[in-house]
Amino acid sequence: MDKVFKALADETRRRLLDRLHEYNGQTLGELCERIDMARQSVTQHLSVLEAAHLVTTVRRGREKLHYLNPVPLHEMQERWIDKFERPRLRALGAVKRRAEEAMTDKPTYVYVTYIASTPEKVWEALTSADLTADYWGHRNESDWRQGSRWAHVRTDGSGVEDVVGTVVESDPPARLVTTWASPENEGEEDAFSRVTFDIERHADIVRLTVTHEDLPDEGALAEVSFGWPAVLSNLKSLLETGSVLPQQPWEVPRTR
């Protein structure tokens with residue numbers, strides 16, 4: 001929290017967060033256009049925000065895109081605000097699911113979590129049919145080679161596929177990119193969304209960034225904003241403790 005308070009104490013850094021809140025996923029050049037400051041100085045401010053985990057970055061080709069990460073702000077809310085004003089301020093938790101806005105006309109969701117594990121084990125957890133069955137309630141089945149089909153299959157023995165797609169990029173244990181669609185839309189390219197898992201060693205832990213883009217509408221954004229934190233919390237528990245959470249997090253009633 002010391003790094004978070006230090007980062008927020010500077011007006012320029014608060015303005016950068018405001019810019020990302022208005023329009024998430026900006027390059028350094030785009031951020032510099034609206035800040036009357038040398039490019040090197042803006043870079044230094046962004047480094048402070050990244051160190052505080054208030055900003056996370058994702059590579060897209062030659063570009064480095066900056067995203068607002070609201071998780072530390074949410075933790076501050078829970079520690080110093082929510083426990084005193086829980087009923088009235090519960091709605092503030094919505095900032096966590098508004099982590100980013102559309103780079104195009106379609107919504108995008110970005111979630112960052114830190115796991116006491118290794119990149120290899122996180123990769124295995126994302127691609128192992130047996131492990132995904134343990135923490136996700138579905139088996140993710142594929143050979144995970146670029147161009148291969150993958151399917152999100154129910155574990156009730158029915159063989160029903162709830163999500164299907166293609167492996168767009170596979171670079172173990174660092175990066176996995178897949179398309180997502182419902183089975184009835186499998187042949188319709190415009191109906192697919194896209195999920196990227198970026199796995200980075202961060203000192204002795206792992207930073208996992210999940211980017212879900214090309215969502216069809218705000219309703220889909222609301223659904224994944226609830227679903228991804230639930231699934232990734234279960235994954236984190238499994239890797240750090242050897243057991244999933246005592247209750248499936250997606251079965252916990254949503255609060256408004």
Side-chain angles (χ1 to χ4, degrees), residues 24-28 30 50 55-69 99-115 117-133 135-136 138-153 161-183 185-202 205-216 220-221 223-225 227-229 231-232 235-236 239:
N24 221 355
Q26 296 188 54
T27 64
L28 175 60
E30 290 171 328
E50 285 190 62
V55 168
T56 187
T57 59
V58 177
R59 287 282 182 182
R60 287 292 181 271
R62 296 182 179 180
E63 293 185 327
K64 182 179 181 181
L65 304 182
H66 298 79
Y67 288 91
L68 171 66
N69 178 30
E100 51 70 35
E101 298 174 353
M103 290 165 52
T104 63
D105 60 341
K106 292 186 176 182
T108 298
Y109 178 78
V110 178
Y111 187 84
V112 181
T113 187
Y114 292 83
I115 305 172
S117 186
T118 65
E120 290 76 15
K121 289 181 179 179
V122 173
W123 176 274
E124 182 185 13
L126 292 171
T127 58
S128 165
D130 292 337
L131 288 178
T132 51
Y135 70 83
W136 207 327
H138 284 71
R139 295 172 59 87
N140 286 350
E141 298 182 351
S142 178
D143 62 13
W144 304 110
R145 297 175 182 174
Q146 185 172 334
S148 293
R149 184 181 187 270
W150 81 278
H152 195 54
V153 184
E161 300 175 347
D162 286 320
V163 181
V164 296
T166 301
V167 180
V168 178
E169 184 176 344
S170 182
D171 181 20
R175 183 176 171 87
L176 177 66
V177 183
T178 60
T179 59
W180 286 45
S182 57
N185 296 327
E186 185 165 4
E188 302 174 19
E189 186 174 341
D190 291 344
F192 280 78
S193 60
R194 178 184 177 110
V195 174
T196 300
F197 301 93
D198 286 303
I199 306 166
E200 303 172 84
R201 187 180 296 278
H202 190 76
I205 59 177
V206 170
R207 180 171 75 172
L208 172 62
T209 303
V210 178
T211 306
H212 199 154
E213 50 194 331
D214 292 334
L215 293 162
L221 176 61
E223 289 299 317
V224 302
S225 298
W228 279 120
V231 170
L232 297 175
L235 179 153
K236 177 180 172 71
L239 289 178

| message | Under the criterion side-chain contact (heavy atoms from CB on, under 4.5 Å), I'd like the reasoning laid out for Y114 against H202: C-alpha separation, chi angles, the key distance, then a yes or no. | response | CA-CA 8 Å; Y114 292 83; H202 190 76; 3.8 Å; yes
| query | Which is it for W150 and V164 under the side-chain contact (heavy atoms from CB on, under 4.5 Å) test, yes or no, and what are the steps along the way? | reply | CA-CA 6 Å; W150 81 278; V164 296; over 6 Å; no
| task | Mind running side-chain contact (heavy atoms from CB on, under 4.5 Å) on V177 and V195 for me, showing each step along the way? | result | CA-CA 6 Å; V177 183; V195 174; over 6 Å; no
| task | Step by step, work out the side-chain contact (heavy atoms from CB on, under 4.5 Å) result for T113 and K236. | result | CA-CA 8 Å; T113 187; K236 177 180 172 71; 4.0 Å; yes
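Using a 4.0 Å cut-off between a side-chain N of Lys or Arg and a carboxylate O of Asp or Glu, D214 and R194 do not qualify as a salt bridge. Between R149 and E161 there is a salt bridge, since at least one side-chain N of the basic residue sits less than 4.0 Å from a carboxylate O of the acidic one.
For the atom pair T166 OG1 and E186 CD, the distance stands at 7.0 Å (nearest 0.5 Å). Here R60 contributes atom CZ and T27 contributes atom OG1; the two are 13.5 Å apart, rounded to the nearest 0.5 Å. The structure places OG1 of T127 at 6.5 Å from CH2 of W144, a figure rounded to the nearest 0.5 Å. The distance from atom OH of Y111 to atom CG of L208, rounded to the nearest 0.5 Å, is 9.5 Å. Note that CG of D198 and CZ of R59 are 11.0 Å apart. Values are rounded to the nearest 0.5 Å. Between atom OG of residue S193 and atom OH of residue Y109 there is a gap of 14.0 Å, rounded to the nearest 0.5 Å.
For the pair T209 and V110, the minimum side-chain heavy-atom distance is below 4.5 Å. At a threshold of 4.5 Å between non-hydrogen side-chain atoms, the residues S170 and W123 count as touching. Between R139 and D130, the closest side-chain pair of non-hydrogen atoms falls below 4.5 Å. Counting heavy atoms from C-beta on, the side chains of F192 and N185 never come closer than 4.5 Å. When side chains are defined from C-beta on, V167 does not count as touching R145, because their heavy atoms never get closer than 4.5 Å. Within the 4.5 Å cutoff, the side chain of T196 has no heavy atoms near those of the L176 side chain. Counting heavy atoms from C-beta on, the side chains of E50 and T57 come closer than 4.5 Å. In this structure, the side chains of L235 and L239 come closer than 4.5 Å at one or more pairs of heavy atoms.
Listed here is the closest heavy atom pair of G25 and L65: O-CD2, 3.7 Å. Taking both residues in full, the closest heavy atoms of L126 and N140 are given as O-ND2, 3.8 Å, listed atom of the first, atom of the second, then distance. E30 approaches Q26 most closely through the heavy-atom pair OE1-CA, 3.2 Å. Residues S142 and S148 approach most closely at OG-CB, 4.0 Å, considering heavy atoms. The two residues A181 and A191 come nearest to each other via the heavy atoms CB-O, 4.1 Å.
No option in P172, S117, P119 other than P119 meets the side chain to side chain contact (heavy atoms under 4.5 Å, CB included) test with I199.
Put simply, the side chain of S128 never gets that close to the backbone of A125: no donor and acceptor are under 3.5 Å apart.
Judged purely by distance below 3.5 Å, without hydrogens or angles, the side chains of T178 and W180 pair a donor atom with an acceptor atom.
Between H138 and H152, the ring planes are parallel. Angles under 30° get that label, and only those over 60° would be called perpendicular.
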